[in-house]
Amino acid sequence: MAEDLYSQIEKSYNPQSLEQKWYKNWTEKKYYSSDNKSANKPFTIVIPPPNITGSLHIGHALNNTLQDIIIRYKRMKGYDCLWVPGTDHAGIATQMIVERELGKENLSKEDLGRERFIERVWKWKSQSGSQINNQLKRLGALPDWGKERFTLDEGLSDAVKKVFVDLYKEGLIYKDKRLVNWDVKLRTAVSDLEVDKRDVKGKLWYIKYRVEDSDLFITVATTRPETMLGDTAVAVHPKDKRYRKLVGKFVLLPLTDRKIQIIADEYSDPEKGSGAVKITPAHDFNDFEVGRRHGLEIIDIFDESAFLNSNAPKEYAGLSRFDARDKILNNLEELGLLEKEEDIIHVVPYGDRSGEIIEPRLTYQWYVDAKELARDALKAVEKGDIKFHPKYWENTYFEWMRNIEPWCISRQIWWGHQVPVWYGPDEQIFVELSEEAAHRAAKKHYGNDTELTQDSDVLDTWFSSGLWPFSTLGWPEKTQDFKKYYPTSVLITGFDIIFFWVARMIMMGIKFTGEVPFKDVYIHGLIRDEKGEKMSKTKGNVIDPLEIIDEYGADSLRFSLAAMASQGRDIKLSFSIIKGYRNFINKIWNASRFLMLNLEGYNPEFVYDKQKISIFDKWILTKLNNLIKETDTDFDNFDYDKVANKIYQFIWGDFCDWYIEITKSKLRSEDDTERQITQDLLVKVLTSSLQLMHPFTPFITEEIYNRLQQFRVSLKSVTGEITKSIVVSAYPTFNESEVFLKEYKYVEFLKQIVVSIRNIRAELGVMPAQRIKILIHPDSDKTHDLISDNKHFIYELAGVDSVEFTGDEKPKNCVTQVLSGVEIFVPVEGIIDLDSEISRINREVSKIDVDLKFIEDKLNNKKFIERAPKEIVEKEKNKFKELSDNKSRMLEVLKRLSEIN
RNA sequence: GAGCGCGUAGCUCAGGGGUAGAGCGCUUGCUUGACAUGCAAGAGGCCGCAGGUUCAAAUCCUGCCGUGCUCACCA
């Protein structure tokens with residue numbers, strides 16, 4: 001049988017053939033399902049909805065790996081887990097894609113008209129919008145696919161309408177005419193957060209404006225000369241002596257026939273430029289405020305694409321803002337009004353979607369009074385109802401929330417939630433949940449049926465995302481899901497969307513449900529390339545998670561990401577890291593392979609006295625249980641990296657390197673009982689390890705468990721039934737009765753002996769295959785017995801075929817290793833190299849001397865004895881004793897060596 | 001300009017008041033009946049610098065230097 005198995009179980013793990021099979025199995029069995037009728041405690045996560053135009057990048061891989069890990073863990077812990085998957089409709093991005101498609105057919109969205117265009121977008125969505133979900137499946141992410149939502153689906157749209165209407169009726173949403181960030185390419189307003197401010201090289205031009213009825217000029221400095229056509233004032237600082245006399249006078253605005261006044265305003269900074277600043281209220285946020293203070297005229301010289309309109313002199317109308325600039329500069333030059341130009345680096349706002357320079361534009365838009373909503377949202381975090389991990393992100397949140405500005409939520413695009421606002425013929429506004437309701441309201445207002453037109457704007461996508469934690473659960477209906485799963489348990493996301501999304505969910509959640517949307521926010525880092533640079537398509541340094549999955553398997557990727565995801569740090573990812581963890585995955589495969597090759601005769605019903613197992617068995621059980629205990633703590637603290645690294649250490653460093661090696665002889669034993677106990681413990685430790693690993697590496701653990709079932713190995717679910725899948729098995733729990741501290745220490749001591757012998761062998765250049773004889777001098781009967789009882793351990797692991805004990809008469813022609821508790825002697829064929837042995841031991845003695853000196857200084861320090869805790873003092877004293885003892889034995893060794901001559 | 005993070009072995013990073021750890025890399029030796037995606041042994045660090053608190057500082061505090069990020073700023 002073992003022969004067959006040997007060829008049947010591949011020597012290395014091949015993820016490619018297995019992953020899709022298991023994923024399909026899990027979804028068919030619906031292991032992901034939450035059950036809102038179950039009595040089990042809920043554990044809820046809502047996915048940060050990726051946008052439908054997206055494809056899985058490495059950041060998604062990290063984010064969803066972490067969510068999947070915690071969901072799988074909690075599920076195995078017996079929670080009723082709901083992980084809501086879904087996508088957002090990405091208004092601008094999606095519309096851009098479909099418009100591009102139309103462009104290929106030489107069509108514009110206007111050619112189709114709004115209704116048909118939107119139909120077209122839905123069609124696009126049904127064809128291409130599920131790509132990212134399919135990619136999540138490749139990752140192994142197992143959200144509750146039965147509860148998938150889309151920000152534009154019916155239920156969520158109802159939630160959006162209700163929120164808009166309620167906020168409007170409370171005065172927290174309002175329409176206002178003011179400057180907004182206008183994307184001239186997309187021809188829509190965008191919010192402050194969607195503006196990307198970049199340092200760019202530019203010029204500062206100094207332009208002379210002639211003061212009316214005089215020969216004087218006042219010079220203004222500007223980076224945007226084209227806006228001068230919209231100037232309605234020149235401002236100087238009221239305390240600026242240079243200009244004091246000019247305040248109140250008029251200047252003749254060059255290139256136009258207009259006169260504008262010189263005003264005094266503290267906005268003007270005497271240090272900057274010339275100290276006099278042109279004021280263009282229609283095209284600059286600061287100037288707008290100045291204009292408001294002084295009641296200045298507002299002249300908008302641009303159309304919606306930032307071409308000059310008829311408010312500009314004829315000569316310039318129809319030009320783009322850049323062409324207009326050139327022409328104006330030329331003309332000023334000719335007129336001798338261009339005093340000078342300077343090269344400068346200044347900040348220019350770009351649209352984060354279009355990449356075009358944003359133009360401040362005066363329009364009517366819809367705003368949310370964010371300041372008002374922020375109040376409770378701030379309090380929730382201040383009081384600790386919501387905790388950020390790592391905590392310092394709370395500062396970022398506070399900082400933004402305390403300085404929050406009104407949120408412009410309307411967008412002049414078609415794809416999205418059209419605002420539930422209708423206008424009567426006299427511009428009377430009706431904000432209602434439906435068109436019918438608007439008509440009813442209109443009838444009440446006008447006294448008869450009146451034709452209404454709906455506002456054509458749609459809402460910022462983040463407006464609907466802000467409702468995600470509760471809108472996905474059925475709100476505003478009081479559904480069973482909402483009652484059971486809200487507030488959600490934890491939100492896992494990246495810091496880049498704390499403002500965009502997290503803050504808004506907190507505001508909206510508290511406002512509309514009266515409760516925080518989640519209790520914990522886990523913020524993970526950004527994934528960078530191995531040099532620490534941000535990944536970007538233009539740099540060409542992106543790591544495609546799907547390529548990694550193809551090459552190394554999803555488990556390798558997942559484990560790498562989890563192991564690297566320490567809190568508060570970005571992840572520098574490289575192929576060598578992934579390869580390293582791929583090797584670890586293979587290690588588990590081979591440990592399992594070893595077990596399967598040795599399971600003949602395994603009897604799961606075999607009964608034995610759990611106290612009568614060997615010290616090595618007790619040692620591994622102790623290690624295992626400590627691991628389980630720490631795993632729970634680390635999970636509670638969101639320390640996924642710690643869990644992963646500890647499991648790694650346990651499986652490779654403890655289980656494979658030591659325990660499996662110890663069991664090899666026992667599995668070959670003639671003694672049935674010994675063999676069966678060994679099999680049982682191997683099965684127990686391996687399956688527990690697989691379970692501990694499963695949240696991180698779902699595929700390989702499922703595959704191995706399935707293979708193990710052929711050997712009658714079984715796992716139980718939380719309710720105690722045997723389960724076919726590890727996905728729904730019960731996570732290992734800490735068992736105090738499996739912790740054996742005494743035996744644990746014994747084994748650690750024996751391991752030290754083995755390592756010492758290996759060390760001597762390596763130094764002497766003894767071939768691995770060659771067995772050697774050793775002599776041991778134990779310091780006590782107890783130590784003697786421990787070694788004597790476990791000679792086989794030293795035989796098997798240190799390549800020894802004879803251990804003899806010496807009395808006080810110590811052997812001479814030997815290489816000696818002094819440990820606390822024992823001296824180990826390895827007899828050397830012929831004559832030992834005295835010089836090298838003496839110098840080796842001398843080196844060790846001087847090392848000990850350094851330590852001894854250090855401890856001695858401490859112990860001689862009165863204050864240390866007085867003030868340090870007793871245990872510490874005691875510890876230092878013991879250490880001192882132990883080290884001096886070791887030293888004196890080494891000196892004896894040296895003495896004996898010198899006697900050889 | 002303001003705020004925040006980071007600086008520990010050649011590299012990537014854990015740790016964190018009681019004289020430092022891992023993985024990779026490196027050196028040496030190994031086809032040891034699970035695994036060369038492996039096994040064994042080893043070298044390698046005044047824990048960025050300077051002060052302070054403390055019996056004790058890589059760890060806490062302050063300053064500085066380096067580095068990264070966020071926010072603000074079209075004169």
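Residue numbering restarts at 1 for every chain, and letters A, B, ... go by the order of the sequence lines.
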Is [Y] paired with [X] through a side-chain N to carboxylate O contact shorter than 4.0 Å?
X        : Y        : result
A:Asp849 : A:Lys847 : no
A:Lys201 : A:Asp343 : no
A:Lys877 : A:Glu882 : no

Ignoring backbone atoms, establish whether [X] has a side-chain N or O less than 4.0 Å from OP1 or OP2 of [N].
X        : N     : result
A:Lys751 : B:A40 : no
A:Lys879 : B:G18 : no
A:Lys572 : B:C13 : yes
A:Trp658 : B:C39 : no
A:Lys197 : B:C73 : yes

- Go through A:Phe388 and A:Trp393 one step at a time and tell me if the ring pair (Phe, Tyr, Trp, His ring centres under 6.0 Å) criterion holds. CA-CA 6 Å; A:Phe388 280 67; A:Trp393 285 115; 8.5 Å; no

Whole-Å distance between [N] [atom2] and [X] [atom1]?
X        : N     : atom1 : atom2 : value
A:Ile704 : B:A34 : CD1   : C1'   : 11 Å
A:Phe575 : B:G25 : CZ    : P     : 17 Å
A:Glu844 : B:G42 : CD    : C1'   : 13 Å
A:Lys858 : B:A56 : NZ    : P     : 11 Å
A:Arg402 : B:A72 : CZ    : P     : 17 Å
A:Glu876 : B:G17 : CD    : P     : 17 Å
A:Asn586 : B:A34 : CG    : C1'   : 10 Å

Quiz item: [X] side-chain donor-acceptor pair to [N] base, under 3.5 Å:
X        : N     : result
A:Lys11  : B:C35 : no
A:Glu661 : B:A34 : yes
A:Lys646 : B:A14 : no

Identify the pairs formed between an N or O of the protein and an N or O of nucleotides 3-11 of chain B at a distance under 3.5 Å, and give each distance.
from: B:C6; atom 1: O3'; to: A:Arg569; atom 2: NH2; distance (Å): 3.2
from: B:G7; atom 1: OP1; to: A:Arg569; atom 2: NH2; distance (Å): 3.2

- Flag side-chain contact, heavy atom, 4.5 Å: A:Gln679 against A:Leu599: yes

- A:Lys751 to A:Trp658 six-membered ring, cation-pi geometry met (6.0 Å, 45°): yes

Under 4.0 Å between any heavy atoms, over every strand shown, what does [X] touch: base, sugar-phosphate, or nothing? Just pick one.
X        : result
A:Ile9   : nothing
A:Lys664 : base
A:Ala769 : nothing

- Query: A:Glu359 and A:Trp182: side-chain hydrogen bond (donor to acceptor under 3.5 Å, both in side chains), yes or no, with the steps?
  - Reply: CA-CA 5 Å; A:Glu359 197 59 58; A:Trp182 183 262; over 6 Å; no

- Which residue, A:Ile577 or A:Ser592, contacts RNA chain B at a nucleotide closer to its 5' end, judged by nearest heavy atom? A:Ile577

